[in-house]
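Written below as structure tokens is the structure these notes are about.
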Amino acid sequence: MVVLAKGELEQIALPAVHKTAPPLADVPEVDLAVAGRGSEGRAAAARAVAAACEEHGFFKVTGHGVPAELLARVENAAAAFFALSQRDKEAAMSAATPGSPFGYATPGSPFGYASKRIGNNGDLGWVEYLLLGVTAATGGPLSVPEGVVPSASLCSFRDLLNEYTEVVRRMTCQVLELMAEGLGMDDRDAFTRLVLHKESDSMLRVNHYPPRPELKLLQQHGGGGRVTGFGEHTDPQIISVLRSNATSGLEIALRDGAWVSVPPDHTSFFVNVGDALQVLTNGRFRSVRHRVMVNSARPRVSVIFFGGPPPRETLAPLPQLVGEGGRSRYREFTWREYKASAYRTKLAANRLCHFETTS
Ligand code: GA4
């Protein structure tokens with residue numbers, strides 16, 4: 001282990017084998033503006049999306065139409081939130097705190113503000129975050145408990161995140177339609193239907209990875225100057241759509257297991273295929289393993305929309321993608337079952353193997 005400091009940080013440091021940053025990724029790009037220009041542009045975009053999902057489970061979206069001004073407002077508001085004192089950030093998440101529009105961080109719920117702790121099974125990262133449920137049904141301002149006086153700045157942050165979610169959810173659905181088209185499916189709405197369902201289990205995550213200037217010194221002295229912000233994992237949902245500031249940190253694993261770093265691009269979105277989409281496509285699309293490393297000089301702020309199905313939805317490979325006489329690689333299960341199983345695992349676990357068919 002590379003020991004940077006006493007205590008928690010020791011457990012967050014990566015083993016020495018990952019001392020240096022991996023090479024830069026050659027990330028496939030899809031221009032949504034081209035997809036909107038006639039049937040040829042659309043067919044080409046659908047093919048590009050499907051090819052990227054098959055090869056990497058990851059690609060960049062340009063020409064998305066989300067106003068740069070909205071992205072900047074969200075980034076600034078997130079930075080302002082994370083700049084609050086630790087006490088204020090924790091208080092913002094407590095239902096008992098007057099003025100909390102986020103007030104539903106109850107014990108056992110993954111939602112709310114947290115620092116360093118990821119999930120329930122001892123994973124740690126050099127990150128602080130907000131995790132919010134954003135089902136279509138709960139979209140819009142949260143109701144504040146009776147007798148509570150809402151704090152104006154937190155309410156407007158929550159409203160801004162709701163506005164952002166609605167815009168990004170719409171763009172996500174354009175991408176999901178292109179995926180279905182690229183797979184040659186008769187039912188173009190097969191994936192969008194799940195994410196637009198009023199009970200869709202979708203989430204918004206706002207991550208802040210504070211810089212660690214001492215890493216520069218360690219790197220200069222030939223030591224392993226790398227700290228994990230968010231350890232390697234796959235996302236359980238159908239799709240994840242990420243936007244970050246211009247700070248690097250995101251890394252993805254290629255098919256052969258080699259890691260590559262994704263050059264940041266604050267004007268674009270990055271799309272991950274999640275476990276549920278790997279199942280629905282019978283393994284044609286690949287749920288991408290990824291992680292985030294901490295930058296020595298600059299804070300990284302990212303906002304991720306996770307599009308998930310309703311808890312009651314039964315997931316299984318879509319018949320058209322299994323084909324007649326083909327083998328279904330996964331058994332049927334409900335999203336509720338998958339989520340419960342995921343929350344019993346460590347971050348890096350292979351969660352899909354419990355749902356694979358054997359014959
Ligand atoms: C990874 C994707 C999303 O960030 C998330 C994460 C969740 C959490 O942070 O609470 C999990 C993780 C994620 C996968 C396995 C479980 C659950 C932490 C963890 C160890 C919100 C999600 O849905 O799954």
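Only heavy atoms go into these numbers, but all of them, side chains included; no hydrogens, no water, no symmetry mates. Counting convention: from 1, in listed order, for ligands and their atoms alike. Owing to the predicted nature of the structure, the values given are computational and were not obtained by experimental measurement.
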Margin query: Please enumerate all residues that pass side-chain hydrogen bond (donor to acceptor under 3.5 Å, both in side chains) together with T267, with sequence neighbours excluded.
Written below: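 By the side-chain hydrogen bond (donor to acceptor under 3.5 Å, both in side chains) rule, T267 matches D265.
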
Item checked: CD-CH2 distance between Q237 and W335, expressed to the nearest 0.5 angstrom ->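 Going from CD on Q237 over to CH2 on W335, the span is 4.5 Å.
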
Notebook entry, point to check: Is the distance between the ring centroids of Y338 and F333 less than 6.0 Å?
Noted result: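 That pair passes the under 6.0 Å test.
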
Check: Is it true that F59 and F270 have ring centroids separated by less than 6.0 Å?
Finding: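 No; F270 has its ring centre 6.0 Å or more from that of F59.
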
In a simple table, one pair per line, please give the protein and ligand 1 atom names for every N or O pair closer than 3.5 Å, along with the distance.
residue, atom, partner, partner atom, Å
ligand 1, 4 (O), R205, NH1, 2.8
ligand 1, 9 (O), R205, NH1, 2.9
ligand 1, 10 (O), Y343, OH, 2.7
ligand 1, 23 (O), Q237, NE2, 2.8

Checklist line | Side-chain H-bond candidate by donor/acceptor type, T247 with N295, under 3.5 Å | finding: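 The answer is no; no qualifying pair exists.
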
Margin query: Regarding R73 and E69, does a basic nitrogen lie under 4.0 Å from an acidic carboxylate oxygen?
Written below: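 The answer is yes: the pair qualifies as a salt bridge.
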
